[in-house]
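First comes the structure, then the notes that go with it.
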There are 2 protein chains.
Amino acid sequence: MTYSVAVVDDHILLSQAIGGLVEGFEQFTVLYTCKNGQELLDKFKNPKNIPDIVLMDVNMPILNGIETTAHLYEHYPQVKVLALSIEEDDSTILQMLRAGAKGYLMKDVRKSELYNALLEVIEKGFHHTNTVTKVLVDSLSEKESPQAILKERELEFIKHACTEMTYKEIADVMFLSPKTIEGYRNAIFEKLNLRNRTGLVIYAIKNKIFVP
Amino acid sequence: MTYSVAVVDDHILLSQAIGGLVEGFEQFTVLYTCKNGQELLDKFKNPKNIPDIVLMDVNMPILNGIETTAHLYEHYPQVKVLALSIEEDDSTILQMLRAGAKGYLMKDVRKSELYNALLEVIEKGFHHTNTVTKVLVDSLSEKESPQAILKERELEFIKHACTEMTYKEIADVMFLSPKTIEGYRNAIFEKLNLRNRTGLVIYAIKNKIFVP
DNA sequence: TAGTCAATCAGGGATTTTCCCCTTAAGCAT
DNA sequence: ATGCTTAAGGGGAAAATCCCTGATTGACTA
């Protein structure tokens, strides 16, 4: 019995190279490779193109790994998604797992670990490295994910705060009084334990609220 | 005649996968793969380990692609470095080329393009994609690369400015008067055309002066 | 159905930090 | 000497920060 694998990565060379590795594994065969989530979903329209496992990158244009995984989890629950990314920050990993990924591999694993992961996902239904397990454990004790405590309007303000605009200018573009903006800022500083706007900018970038 | 290739990438899976691709090319064979520049230089101590071409990632821990390439260019000029990276910002590409890389491939190229690039580097001594050529042309007309106009102490200040410290606190840790810090800040604002500290933080992150 | 409660928006006033001029002094090189 | 760089400062305006108060609204609740 051989299992089919689809590789999704916007870096064509990498998807081809990884596909090559997978072809080298006896029980696995590469069905096709795609450049992004949208392309993958398009392929799925033909039932012949539904693989057993999807090896999915996280950062992709158009439809990223998290959104794509969530969509697959809902509409094709039999397809097992194994994330494969250079991103190793906790929130990304958690987001992928929440979206329904059966495992998360950093791109610095060895070929043999990829093989094990594929096998385990088929046999046990999941594969979690030590790093991932740690993230999962941490997520239990830790406070709710940072983004969750911020409201929509606050997030909008934060994005503006990551520009050269003064608070007064931000107030203008958000159609609010500068004093209300101050209110947002104070609430955010309090919640996130920040001292000043610089801290807010760094926080926003670290947590991908604002992408420079 | 076959040519030997060394693959340097901190993501083991990728270096193995890319190595697999290269092994598939008739005229080329993989001598070994390394996790970073330091490891590569250690290998070079044995003359048997000096390849014809090095496929080099840019972002690596310990000794990065730019430093490593510069070192090879000085000490082993016969070795041809072909950069292979996901980074596609102009300054990174320029830095690699200045360090002596014979070409710069984005990781989203096709397998066949990698093959062409390897062949061309052997035959013509270089391989430049359209993107890279454009960067080179732009670099002629454009002002000197942003980093170049900033002095060592200014860069140090910028890194501190990307924290929650006030300018007074930065002055303390840099053993300078707050007024001197102001002088730095004004000079930088002038040079980089910035309005305020937030702009500076964003600039620093975009240009990798400060990594969040 | 009025009353409490929480969330949102806004303001007054004080203090600190940032920003922007413009000047000076020491060290160093041509 | 004359310029150049680096470090430092004075003074003032603008922005950001901090603390405290009030008005409006919608929602639940006794």
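Order of the sequence lines fixes the chain letters, A, B, ..., with proteins taken first and strands second; residue numbering starts at 1 for each chain. Heavy atoms only: backbone and side chains are in, while hydrogens, waters and symmetry mates are out.
- Distances from the side chain of Lys179(A) to the nucleotides dG9(D), dC18(D), dT18(C) place dC18(D) closest.
- Checked against the 6.0 Å centroid criterion, the rings of His128(A) and Phe126(A) qualify as a close aromatic pair.
- Atom pair Arg197(A):CZ and dA14(D):C1' shows a separation of 14 Å (rounding to whole Å applied).
- The phosphate of dG9(D) has OP1 or OP2 within less than 4.0 Å of a side-chain N or O from Ser177(B).
- If you take CG of Asn186(B) and C1' of dT18(C), they are 10 Å apart, rounded to a whole angstrom.
- Protein atom CD of Glu182(B) is 18 Å distant from nucleotide atom P of dT6(D), rounded to whole Å.
- dT6(D) atom C1' lies 17 Å from atom CZ of Arg185(B), rounded to whole Å.
- Of the candidates dA7(D), dC19(C), dT17(D), dT17(D) carries the atom nearest the Tyr167(A) side chain, counting heavy atoms from C-beta on.
- Per the geometry, NZ belonging to Lys191(A) stands 11 Å off C1' belonging to dA7(C), to the nearest Å.
- The 12-atom threshold is exceeded at CZ of Arg153(A), counting heavy atoms of other residues, nucleotides or ligands nearer than 6.0 Å.
- Taking the six-membered ring where tryptophan is involved, the planes of Phe44(A) and Tyr76(A) are perpendicular, since the angle between them exceeds 60° and thus also 30°.
- Taking atom CD1 on Ile188(B) and atom C1' on dC19(C), their separation rounds to 14 Å, with Å as the unit.
- Between the NZ atom of Lys151(A) and the P atom of dA7(C) there is a distance of 6 Å, given to the nearest Å.
- Rounded to an integer number of Å, the gap from CZ of Arg195(B) to P of dA16(D) is 9 Å.
- Nucleic acid contact class of Thr180(B) (heavy atoms, under 4.0 Å, all strands): base.
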(request) Kindly indicate, with the supporting measurements, whether the criterion side chain to side chain contact (heavy atoms under 4.5 Å, CB included) is fulfilled by Met56(B) and Leu72(B). (result) CA-CA 11 Å; Met56(B) 178 102 67; Leu72(B) 293 187; 4.1 Å; yes
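- The side chain of Phe189(A) sits closest to dT17(D) out of dT17(D), dA10(C), dT17(C).
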